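Source: prediction; values computed, not measured.
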Amino acid sequence: MLTERPLSIELLMLRAQQLRGYSLGALANELKISLPTESLHGKGAAGQLLELVLGATAGSLAQPDFQELGVELKTIPVNMDGHVLESTYISKVPLHSLTDLTFEGSELWGKLKKVLWIPIITEKDLAITERIIGDAVLWQPSMQEALIIRKDWQELMDMVAMGEIEKITAKIGQVMQIRPKAANAKALTRAVGPEGYSIMTLPRGFYLRSNFTQHILDTALSLL
DNA sequence: GTCTGATCATTT
DNA sequence: AAATGATCAGAC
């Protein structure tokens with residue numbers, strides 16, 4: 001089983017497609033690594049396993065997983081009917097030092113320009129080891145999709161810049177939303193508050209709504 | 001604490 | 001059932 005960094009998108013796709021049908025348990029066995037037993041304690045296990053086997057850069061960089069290829073890797077849980085089960089975290093939301101921020105230069109857009117989606121076929125409470133790798137999909141947003149993403153980003157970031165982070169709920173945004181992204185309620189970070197003063201608040205993340213990622217997967221699969 | 005990888009648990 | 005808000009694990 002190869003784990004080196006792929007030299008081209010074609011090689012990356014080839015390798016990803018070869019993983020179809022593997023269970024996460026079988027894959028972990030080949031790599032001689034162990035997986036968490038309970039899903040409550042293995043939330044990121046699928047993504048980390050796929051990063052390892054596909055040769056992604058580990059680490060906490062604000063850059064795509066395959067930086068040279070401009071590709072971000074995302075596992076996405078779907079049930080046996082192909083139904084997307086969860087929203088997808090994309091990137092952290094900048095909450096301070098917001099001058100000169102543009103959509104084109106944002107961390108979010110850097111990751112959404114090109115995404116390799118790897119469906120993980122599962123059901124609630126199914127052991128992590130029993131989950132199955134599905135058909136990989138390489139996605140680039142269409143012009144229309146990109147415009148909607150940019151509109152959501154601007155609406156949300158306008159509120160952040162205006163010091164209205166505490167007014168933002170997950171209901172805002174057509175295909176994307178802002179939600180907490182923290183270890184727990186005690187993890188606070190600095191943000192722009194009302195009147196421009198600094199406040200402490202929960203870290204936030206950008207998430208793609210599941211109906212949007214469902215559309216991405218459905219569109220790709222309809223072309224096969 | 002700040003990031004990555006996400007899913008869980010409760011409300012709607 | 002779907003959506004929202006909260007949380008789990010690990011690297012640094």
Linked, directly or transitively: [X] and [Y] (ILVMFWY side chains, under 4.5 Å):
X: Leu24(A); Y: Leu85(A); result: no
X: Ile33(A); Y: Leu73(A); result: yes
X: Leu147(A); Y: Phe206(A); result: no
X: Val160(A); Y: Leu202(A); result: no
X: Leu98(A); Y: Ile172(A); result: yes

Tell me, which pairs form a ring pair (Phe, Tyr, Trp, His ring centres under 6.0 Å) where one or both residues lie in residues 66-99 of chain A, sequence neighbours left out?
Tyr89(A)-Tyr207(A)

If only atom types and distance count, is the side chain of [X] paired as donor or acceptor with the main-chain N or O of [Y] below 3.5 Å?
X: Gln214(A); Y: Asn211(A); result: no
X: Ser39(A); Y: Gly42(A); result: no
X: Asp152(A); Y: Gly173(A); result: no
X: Glu72(A); Y: Asp65(A); result: yes

Tell me yes or no: between the side chains of Thr201(A) and Glu166(A), is some donor less than 3.5 Å from an acceptor?
yes

Tell me which donor-acceptor pairs under 3.5 Å the side chains of residues 116-123 of chain A have, and how far apart each pair is, sequence neighbours excluded?
residue: Thr122(A); atom: OG1; partner: Arg131(A); partner atom: NE; Å: 3.0
residue: Glu123(A); atom: OE2; partner: Met80(A); partner atom: N; Å: 3.3

With a cut-off of less than 4.0 Å, is there a side-chain N or O of [X] near OP1 or OP2 of [N]?
X: Tyr89(A); N: dT4(B); answer: yes
X: Thr189(A); N: dT2(B); answer: yes
X: Gln177(A); N: dA3(C); answer: no
X: His41(A); N: dA9(C); answer: yes
X: Lys74(A); N: dG5(B); answer: yes

Do Lys181(A) side-chain and dT4(B) base share a donor-acceptor contact under 3.5 Å?
yes

Figure out the [atom1]/[atom2] separation between [X] and [N], and round it to whole Å.
X: Phe66(A); N: dG5(B); atom1: CZ; atom2: P; result: 11 Å
X: Leu95(A); N: dG1(B); atom1: CG; atom2: P; result: 15 Å
X: Ile120(A); N: dA6(B); atom1: CD1; atom2: P; result: 9 Å
X: Lys92(A); N: dT4(B); atom1: NZ; atom2: P; result: 6 Å
X: Ile128(A); N: dA6(B); atom1: CD1; atom2: P; result: 13 Å
X: Gln48(A); N: dC8(C); atom1: CD; atom2: P; result: 16 Å
X: Ile168(A); N: dT4(C); atom1: CD1; atom2: C1'; result: 15 Å
X: Glu72(A); N: dG5(B); atom1: CD; atom2: C1'; result: 10 Å

Looking at every strand, decide which applies to [X] at a 4.0 Å heavy-atom threshold: base, sugar-phosphate, or nothing.
X: Asp65(A); result: sugar-phosphate
X: Gly44(A); result: base
X: Leu188(A); result: sugar-phosphate
X: Gln63(A); result: nothing
X: Ala182(A); result: base

Residue Pro180(A), side-chain atoms from C-beta onward, closest of dG5(C), dT7(B), dG5(B):
dG5(C)

Enumerate all atom pairs, one protein N or O and one N or O from nucleotides 8-12 of chain B, separated by less than 3.5 Å.
residue: dC8(B); atom: OP1; partner: Ser39(A); partner atom: OG; Å: 3.0
residue: dC8(B); atom: O4'; partner: Lys43(A); partner atom: NZ; Å: 3.4
residue: dC8(B); atom: N4; partner: Glu86(A); partner atom: OE1; Å: 3.1

Distance check, rounded to the nearest 0.5 Å: Ile168(A) atom CD1 versus Arg179(A) atom CZ?
13.5 Å

If I take atom CD from residue Glu145(A) and atom CG from residue Leu112(A), how far apart are they, to the nearest 0.5 angstrom?
10.5 Å

Taking only heavy atoms on the protein side, list every residue of residues 98-115 of chain A lying under 4.0 Å from any atom of DNA chain B, sorted numerically.
Glu107(A), Lys111(A)

Would you mind telling me which of Glu107(A), Arg204(A), Lys181(A) makes a side-chain contact (heavy atoms from CB on, under 4.5 Å) with Val93(A)?
Arg204(A)

To the nearest 10°, give me the bend of the helix from dG1(B)-dC12(C) to dT12(B)-dA1(C), comparing the axes of its five terminal pairs at either end.
30°

Close approaches to DNA chain C from residues 198-211 of chain A, in residue order (heavy atom, under 4.0 Å):
Tyr207(A), Arg209(A), Ser210(A)

